[in-house]
Structures are given as C-alpha cells and as structure tokens.
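See below for the structure under consideration.
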Amino acid sequence: MAYGTPAGPADIAPYYTHIRGGRTPSPEKIAELAARYDAIGGLSPLLDITRTVADALQAASGVPVYMGMKHWHPFIDATVERMHADGVTGGAAIVLAPHYSRISVGTYIKTAKETIGRLGGPHLRFVESWHLHPLFITALADRVRAALARLDASRGAHVVFTAHSLPKRIAEFQDPYPLQLVESAKAVAQAAGVTRWSFAFQSASATGEAWLGPDVLDALRDLRAKDVHDVAVCPIGFVADHLEVLYDLDVEAHRLAHELGMRFVRTESLNASPEFVAILAAIARDALETTAPPSA
Ligand code: FEC
C-alpha cells in the first residue's frame, strides 16, 4: 500500500479533498498544490515507481502482488475487493512507509480491515512498521555515504534525517512515530559511521494546529548559524521520489540552502532499486511465515 497521487491535473482537487477527509480545499490552496506539481514536471512519479516495485516484488517472490493507494486510484478498498474476487484467501500487507503512526500507517490498515470485514476475507497479516529492518538500515547507510561523498568532507558535512511531520496531538495517544524515526536515524548514522547528524520534520500542512518540529527549513538556518556549510538530507520517512521529496526538499529546501550559502545534497531514494525489492521480499516472507491459516 502507498500514498497515491493524482493521475493528471483534473485529479488534483478531488485528490486533495480526499486527503482532507472530504473537506474541499479553497481554490487558492488547490492552485498552490497544482503549482507544486508543475514545479516537479506536472506529475509525481509515485504511482509508476510503486507499480514497478510491485511488479519486481512479484517476479522476485513468485507470489501475486497487489497495489492499493490511500488517497487515489487504485484505492485500497478496491484492491482488497479485487483480491477477494480473485480468490485470494491470505497474504501479507505492507505499507510503503517504514514508521508507524496511528494517523498514517494506521489508517491504511484500518481501511483495508474495514473492507476485509465487509467481504469476510482475505485473511491478511499486517506489517505495522519495519523501521529497523537490517536491510533497510544498510541500504540507507549506503545512500548516506554516497551523498556525503558528493560533499567536501574537510568542511565537516552534517546529515539531516527527515520525515513527514504530523500534528503534535499524536502525543496524546503515545504514538510511536517520533521515537521510531529517531531509532532509524540513529541506526543509519551508526551504520554509515556518521557522527554529525540531526533529525527534522518536513512538509507540515497549514491546518491551523501545531505540528511536530523542528522543520527542516529551520534546521538548515540553525546549522548555518553554527557555521555548517555542507549538508546531506536523508528523507528517512519516505521510500520513493514524490512531491514531498522532489518539491519540499529538492526545490524548497535546496533553494534555502543555496540562499544561505550552503552546499546541499539529498540521498537517493530507494525507489524500485533491487535493494528495496529485497527488503520488501524479506518483510513479506517473515509476515507470510507467521500468517495463521484462514479460518474455514
Ligand atoms: O507525490 C505525490 O503526489 C504524493 C506525495 C505525498 C506523500 C505524502 C506522505 C505523507 N503524508 C502524511 C501526512 C499528511 C497529513 C496531511 C497531508 C497532506 C498532504 C497534501 C499532499 C500530500 N500530503 Fe501527505 N503526502 C503527500 C502529499 N499529509 C499533496 C495536501 C497539501 C498539503 O497539506 O501539503 C494533512 C491533511 C489535512 O490537511 O487534513 C497529516 C504522512 C506521510 C508519510 C507516510 C505515508 O507515505 O503515508 C505521515 C508521499
């Protein structure tokens, strides 16, 4: 399961409305979002990347792989319906986001479970988080090292790990999201032999409530004030190139770093790399091995 993305400009308004739980955004907000898609070439590559990952995983595992999206076609509920119609009785369900929050990964799972409840199957084993999977940590550590190699090591480069911000109210239900993010960042830094690193959130929405910080843009200003000139950003909360990586980091954060006189690089995303397919195959195998047989 993945986030979903508009398939064309006409989808932007209904997609945004779906993200907001059915509340239609103002024309100004829709225009702002359309401008961000324009700035990354018109569309996000997220759906294509996810489809390539699904096909590669199916080829590698020999098990049928279905793809369902949280906010656009093919929606998760339609995918579960298709699995049921195809006669699938059991399987593993993985969200392409490594860290669990009740209001992110939790809602993918809730949607799938509601559809399963309505149909009476298939029996799926849900993987809630995989943020410390050894193959994930190794793949990111390799990418951090490669990013640092593009900077001037003699100038004391700093790594900023980032993930999507969420409203601060998640603390009210002891959500594991912030802790899991720091656990991943710590493990990757250690595996890459990096000692100068920090964590920041990105992509907070202007919803009127407080969101988790520090924001990556403030983190960059802070580092510059501390005389850091070279920064590598690693979006540890995302697995693919999409709007939040290609715009919020590659355009917005990059532009700020440039204005501050800093050198800025971003780690390569896992996308449809063989390493990522291997990570998913390992997670799926573990989940399938522990799946209880479907009840008769
Ligand atoms: O490339 C694409 O077309 C899709 C990029 C995309 C990804 C993504 C991932 C996450 N989001 C998470 C939480 C929220 C919350 C709100 C929210 C709003 C948006 C908007 C767009 C958007 N998100 Fe997203 N998110 C992506 C795109 N996200 C577009 C609407 C415009 C805006 O606010 O910037 C606020 C909802 C509200 O207003 O009520 C909360 C989280 C993730 C990472 C985990 C995951 O992938 O599921 C958490 C990719």
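The analysis underlying the following values was restricted to heavy atoms, covering all of them including side chains, and did not include hydrogens, waters or symmetry mates. For ligands, and for the atoms within them, numbers begin at 1 and follow the listed sequence. Bear in mind the structure is a predicted one, so any value in this text is a computation, not a measurement.
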>> Parallel, tilted or perpendicular: which one describes the rings of Tyr15 and Tyr37, with boundaries at 30° and 60°?
In response: perpendicular

> What part of Thr207 sits under 4.0 Å from ligand 1 if we count only heavy atoms: the side chain, the backbone, both or neither?
Replying inline: side chain

> Out of Tyr37, Tyr108, Phe238, Tyr15, who gets a non-hydrogen atom closest to atom 46 (O) of ligand 1?
Replying inline: Tyr108

>> Distance check, rounded to the nearest 0.5 Å: His242 atom NE2 versus Asp248 atom CG?
In response: 9.5 Å

>> At under 4.0 Å between heavy atoms, is it the side chain or the backbone of Ile103 that contacts ligand 1, or both, or neither?
In response: neither

>> Give me the nearest non-hydrogen protein atom to atom 44 (C) of ligand 1 as residue plus atom name, then the distance to 0.1 Å.
In response: Ala97 CB, 4.0 Å

> Which protein N, O or S atoms lie under 2.8 Å from atom 24 (Fe) of ligand 1?
Replying inline: Tyr3 OH

>> Assess the residue pair Thr107 and Lys70 against the criterion (side chain to side chain donor-acceptor pair (under 3.5 Å)); give the C-alpha distance rounded to whole Å, side-chain angles, the decisive distance to 0.1 Å, and a yes or no.
In response: CA-CA 8 Å; Thr107 60; Lys70 185 177 180 182; 3.1 Å; yes

> Is there a heavy atom in Gly4 that sits closer than 4.0 Å to ligand 1?
Replying inline: yes

> So, is Leu243 polar-close to ligand 1, with some N/O to N/O distance under 3.5 Å?
Replying inline: yes

>> Quick test of your reading: applying side-chain hydrogen bond (donor to acceptor under 3.5 Å, both in side chains), list the pairs with at least one residue in residues 54-68, sequence neighbours left out, ordered by first then second residue.
In response: Tyr66-Asp86

> Applying the side chain to side chain contact (heavy atoms under 4.5 Å, CB included) test to Met69, which of Thr50, Thr5, Thr79 qualifies?
Replying inline: Thr50

> Which bit of Arg36 gets closer than 4.0 Å to ligand 1, counting heavy atoms only: side chain, backbone, both or neither?
Replying inline: side chain

>> One pair to check against salt bridge (charged side-chain N to carboxylate O under 4.0 Å, His left out): Lys110 and Glu114. What are the steps and the verdict?
In response: CA-CA 6 Å; Lys110 187 165 173 272; Glu114 279 167 3; 3.4 Å; yes

> With a cut-off of 4.0 Å, which atoms of ligand 1 are near a heavy atom of Leu33?
Replying inline: 29 (C)

> Does Arg23 have a heavy atom less than 4.0 Å from any atom of ligand 1?
Replying inline: yes

> How does Val95 reach ligand 1, by side chain, by backbone, by both or by neither, if only non-hydrogen atoms under 4.0 Å count?
Replying inline: neither

>> Could you tell me, atom by atom, which parts of ligand 1 come under 4.0 Å of a heavy atom of Ser44?
In response: 1 (O), 2 (C), 3 (O)

>> Can you tell whether the side chains of Asp175 and Arg102 come within less than 4.0 Å, N to carboxylate O?
In response: no

> Within a radius of less than 6.0 Å around CD of Gln190, do more than 12 heavy atoms belonging to other residues, nucleotides or ligands occur?
Replying inline: no

> Going by the order shown, which atoms of ligand 1 are within less than 4.0 Å of some heavy atom of Ser104?
Replying inline: 48 (C)

>> Salt bridge check, Arg36 against Glu252: does any charged N sit closer than 4.0 Å to a carboxylate O?
In response: no

> Taking only residues two or more places apart in sequence, or in another chain, which ones meet Pro134 in a side chain to side chain contact (heavy atoms under 4.5 Å, CB included)?
Replying inline: none

> How would you list all residue pairs meeting salt bridge (Lys or Arg N to Asp or Glu O under 4.0 Å) that involve residues 266-283, not counting sequence neighbours?
Replying inline: Arg143-Glu275, Asp241-Arg266, Asp250-Arg266

>> How about CZ on Arg196, more than 12 heavy atoms from neighbouring residues, nucleotides or ligands closer than 6.0 Å, or not?
In response: no

>> Under a 4.0 angstrom heavy-atom cut-off, which atoms of ligand 1 come close to Thr5?
In response: 1 (O), 2 (C), 3 (O)

>> If we set the cut-off at 4.0 Å for heavy atoms, which region of Trp211 has an atom near ligand 1: side chain, backbone, both, or neither?
In response: side chain

> What atoms in ligand 1 come closer than 4.0 Å to a heavy atom of Tyr16?
Replying inline: 30 (C), 31 (C)

> Hey, what's the ring geometry for Trp211 with His164, parallel, tilted or perpendicular (30° and 60° as the breaks)?
Replying inline: tilted

